[in-house]
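Lettering follows sequence order; numbering is per chain, from 1.
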Amino acid sequence: MSQTKQVTSLNESNKADQEIDPVLAQLVKVVGPDNASNDELERIVYSGDPSSLPHFHYRWKRKYLADYVVRVEKTDQIREIILIAKEHKLAIVPRGGGSSCMGSSCPSRGGISLDIKRMNKIIDINAEEGFVRVEPGVTFADLEIELAKKGMELGIYPTSAKSAVIGGWIACGGRAGIGTPRYGTLEENIIELKVVLSNGEIKIVAGKEALPYIGSFGILGVIAEAKLKIRKKPPRIKPLSYTFQRLESLCDAFTKVVGLSAKPVYLKIADARFQKYSNPLEKGRYVLTLAYNDGDDIPFDELQRIVGENGGGMLDDEYAENEWELRYDCEFKPKEYCHTLMFQEVWIHSDNVYDVLEAYERSKKTHKVPALWFGMLGTQSMVRLELMAMLNPDRYLEFISSKGILHKMVKRSIRLGGGPYTIGLQNSIYMKKAYPERYAAMKKLKNELDVEGIMNPDRVTNCLTSYSRINLLFFLASGFRRLAKYVAR
Amino acid sequence: MGIGGKSSPPILSQVGAINVRHMAFLKDSGYEAVPYVCAFCGNCTMVCPAFMHLRWEPFGPRGKLHATKEIIEGVINIDEEYVRRMYLCSLCDHCTQICTTSIPLLEFWLFIRKEIEMFGLTPPSISFISKSLEDYGDPFAMGPESRRIWTRGIKKIVEPRIGKQAETLFFIGCACALKPQLHGIVRSMIKIMERAGIDYSLLGENEACCGAPLLWGGKPAGAKELAEQNIIWFRKIGAKTIVFNCPTCLNAINEAYAKIYGTHAEKEFNLLTASQFIVHLIREGALEFEEQPLVTVTYHDPCVAARKLNVIDEPREIIDSIPGLYKVEVINSGKETHCCGSHGLLNVIDPLLSSKIAEERLRQMSITPASRIITECPSCIQSLELATHTMQYPIAVEHIAQLVADALRDE
């Protein structure tokens, strides 16, 4: 690790801080002066993520700035830092690429932002036995390069692969990504994990024992190492795109394509408004894009039949190739055109996609909300739908309406047996309602493993506000809206 | 994602719609909305050379935008610490390349430096360079008369070329003209042009800096002035084609031309990098090569050449044209190239960080079987050569012109 003059001088200026801040002095003792800071700018940057919400919204969090930022390089350092946090009753907020939304790595009670990006070693690649052992800060790009040298690939990636790190994706659940419909979710691809618990214990977990840590958002411990399945890299990917006029036709085709035995590595659906900002549609109002491994049997005839039955049409190869090229970038493209891109992610069965999207499109018209959406197949039947609204925070009512509609969509998804996708800080209010069994199991584990409640508090098993309160708020807002409309009439 | 001519995100034209407070910084600049266009996805952070070495997020582009946003909103103040962080950037443009929301980040960083200059907070080392450019016309305080030192030993050939009316002009650039370590590049270009029978001209002491260091130092007006001085001389000698040793010089003059005259330089001049020029000569059969003794080389794409000028295929075509040369690609090449660490005055503001970045790039190349690194940017050559010493990894680093000149068949 480079020790530049500048960083040294930064920490020289922190020397005075260390004298008056015993916690910082302790942290420095573990990771060295270059890797711990209480500098305000550092704390600001390490306390944010892509939830590009205006201040009046996200600063409701109790203490949204971390008190310290610490960068760890070794498992033992994680352990030492956790013990210091425990001693001073400080929260630990693990942070990878900071690319997850919903405030997953944002503090809510200050504490220590624990940056794992320096733990970026690829420990072992075993092509024969088909596994790789990595530290949590390894980026998908670096891993891809190293695996490709041996003709292998991980095969599953988040759409944020350009900035995400492996540990971060594991902590966020890794359910819907590129490759997951074909190779299974992260859960099915993790062989074992090394985790550091809040009591300082370093534990290796595998199989069922590893499940609570996948999608735990760091509330049980910090992931320090992962052993993952790898597979032969396919020679090429074949993308295909189809367009539809009606939402019903798109969703019907989507459900039928999901039911085919040949599984794509990527299956995306989106409306024309979403496409407008990345790969505009010249005809049709909706798009369905699939990508298959070229070595797989691609069901061209069945696809044609399904699309034909639903009045759809095939888009040219160039369009489909563009769709594949944009797989990592399309999600944030609308942000280029608005101040705030508000979004909510729901996780529902493919059979229920129409139900949610139809309701969302209806609300878009009735509430005049600048809404757009896209979805991608996660597992062989579950879908991640990303419902978005392009907003200007100056228009407070539009902001609240959009927020209310997104809340309604999550409730609808829960009624349909789904729930929110990323939990993080913002969606923890839905946890108990959407995933009661998981909630109960996690709550039990949290109480056992993190007695002081220092590990990434206020998410998954606990939250700053309650579902009932939020529900009541939106119910009242909706009532006032109706009343205002009635009076105006 | 397209870079050349990439249009700004539409939100930049809607600044009025955004509730931005405490706008003394970036006020009415048209850039005040940039931090708000950022989706904070973090893609830029992972490719930023400064972040890769310092590993603190505030040093990456996302962190810098975040800090700027906080300044605009009055949460933190512009101070020396902020300035220092903004200058820990090699302006390599990789962040623009990968930005999900197409923010013209390079343009933004340059504008921030201009604002910093207006606030009187430019770091002293950068101000020293700027003063040297204003006083001497070069960043090394050597003066115009020193611009002929490279001619020693070949005066008879090149002196008659200085100020001569010709359609082809060879623009040498400050680093190549004034740094003895780089004189070999100039001599190689001279050899190539002589061998190809080109009627060329040189500006000698009338050549001024291209202006890039002033632009990087937050003084775009001064940069424009220097570029204009050069353009006036291009016209005086009747040049139609101008060949540059250094892609940064080409880019600076090209962009200044557009700003001064409101039209593309290509309407008046054919501005070529060394490799673009040489590849023409090879295609026309003007150069013949000796068989080389099975040399394996790798090509390092300079940031400006690859990302701004899209000069990626030409140097590779040249290498492939020389018999006996074998080319291997390093990871992160073409538009994905990694910075050598010396661009954007990073080597002035933080030589140690600059050197660490160069070492990392050299490390990437050291895992190829290449015995020679070829590039076409004098700054890249200097920083990579320095890295060969600091890393004690002896490998030759050459300009594409040197590779070609050395391989020319004897007359």
Side-chain angles (χ1 to χ4, degrees), chain A residues 1-7 9-10 13 34-35 37 39-42 44-52 54-55 69 71 73 95-99 113 115 117-118 120 139-142 145 160-165 328-341 392-395, chain B residues 1 8-12 14 17-19 33 36-47 50-60 62-67 69-70 73 75-76 81-82 84-85 87-88 98-103 331-332 349-357 359-360:
Chain A
M1 191 51 52
S2 64
Q3 296 191 340
T4 69
K5 267 184 205 164
Q6 279 66 29
V7 173
S9 69
L10 162 76
S13 70
D34 292 348
N35 297 308
S37 172
D39 179 272
E40 190 185 10
L41 186 51
E42 243 80 61
I44 289 173
V45 174
Y46 276 87
S47 300
D49 75 359
S51 313
S52 62
H55 285 178
V69 181
R71 308 181 305 164
E73 200 179 12
R95 184 179 174 90
S99 59
S113 177
D115 182 1
K117 284 192 285 296
R118 288 176 77 216
N120 59 357
T139 62
F140 288 90
D142 287 347
I145 289 167
S160 57
K162 284 185 180 175
S163 51
V165 298
Y328 298 123
D329 296 318
C330 63
E331 194 172 339
F332 282 116
K333 277 287 171 196
K335 177 69 182 73
E336 212 174 294
Y337 298 82
C338 63
H339 179 284
T340 296
L341 183 66
N392 180 341
D394 284 354
R395 297 184 195 144
Chain B
M1 193 178 291
S8 297
I11 192 174
L12 294 185
Q14 303 166 17
I18 293 164
N19 178 20
Y36 297 86
V37 182
C38 176
F40 294 98
C41 66
N43 289 357
C44 53
T45 306
M46 293 302 180
V47 296
F51 170 77
M52 277 190 227
H53 290 272
L54 300 172
R55 287 273 159 191
W56 281 102
E57 284 190 33
F59 294 107
R62 174 169 71 171
K64 285 171 178 151
L65 284 172
H66 211 122
K69 194 171 169 179
E70 299 294 304
E73 296 183 0
V75 179
I76 56 172
E81 186 55 31
Y82 170 78
R84 194 178 63 73
R85 285 168 197 232
Y87 265 93
L88 288 185
I98 202 164
C99 179
T100 310
T101 50
S102 308
I103 302 175
I331 55 163
N332 303 311
I349 200 84
D350 190 343
L352 196 54
L353 173 64
S354 165
S355 159
K356 293 282 174 195
I357 294 172
E359 284 180 10
E360 180 54 34

Within the side chain of [X], is there an N or O that forms a donor-acceptor pair under 3.5 Å with the backbone of [Y]?
{"X": "A:Arg71", "Y": "B:Arg55", "answer": "yes"}
{"X": "A:Lys333", "Y": "B:Thr101", "answer": "no"}
{"X": "A:Lys335", "Y": "B:Tyr36", "answer": "yes"}

Portion of B:Tyr87 that has a non-hydrogen atom of chain A nearer than 4.5 angstrom
neither
Between [atom1] of [X] and [atom2] of [Y], what distance do you get to the nearest 0.5 Å?
{"X": "A:Asp115", "Y": "B:Trp56", "atom1": "CG", "atom2": "CH2", "value": "7.5 Å"}
{"X": "A:Glu40", "Y": "B:Ile76", "atom1": "CD", "atom2": "CD1", "value": "6.5 Å"}
{"X": "A:Phe332", "Y": "B:Ser102", "atom1": "CZ", "atom2": "OG", "value": "13.5 Å"}
{"X": "A:Thr139", "Y": "B:Met52", "atom1": "OG1", "atom2": "CE", "value": "9.0 Å"}
{"X": "A:Leu41", "Y": "B:Glu57", "atom1": "CG", "atom2": "CD", "value": "11.5 Å"}
{"X": "B:Leu54", "Y": "A:Asp34", "atom1": "CG", "atom2": "CG", "value": "9.5 Å"}

Min side-chain heavy-atom separation B:His66-A:Ile44 under 4.5 Å
yes
Side chain, backbone, both or neither: which part of A:Ser99 has an atom under 4.5 Å from a heavy atom of chain B?
both
Heaviest contributor of heavy-atom pairs below 4.5 Å to chain B, chosen from A:Asp142, A:Val69, A:Val165, is A:Val69
Grab the two heavy atoms, one from B:Arg85 and one from A:Glu42, that are nearest each other, plus how far apart they are.
NH1-OE2, 3.0 Å
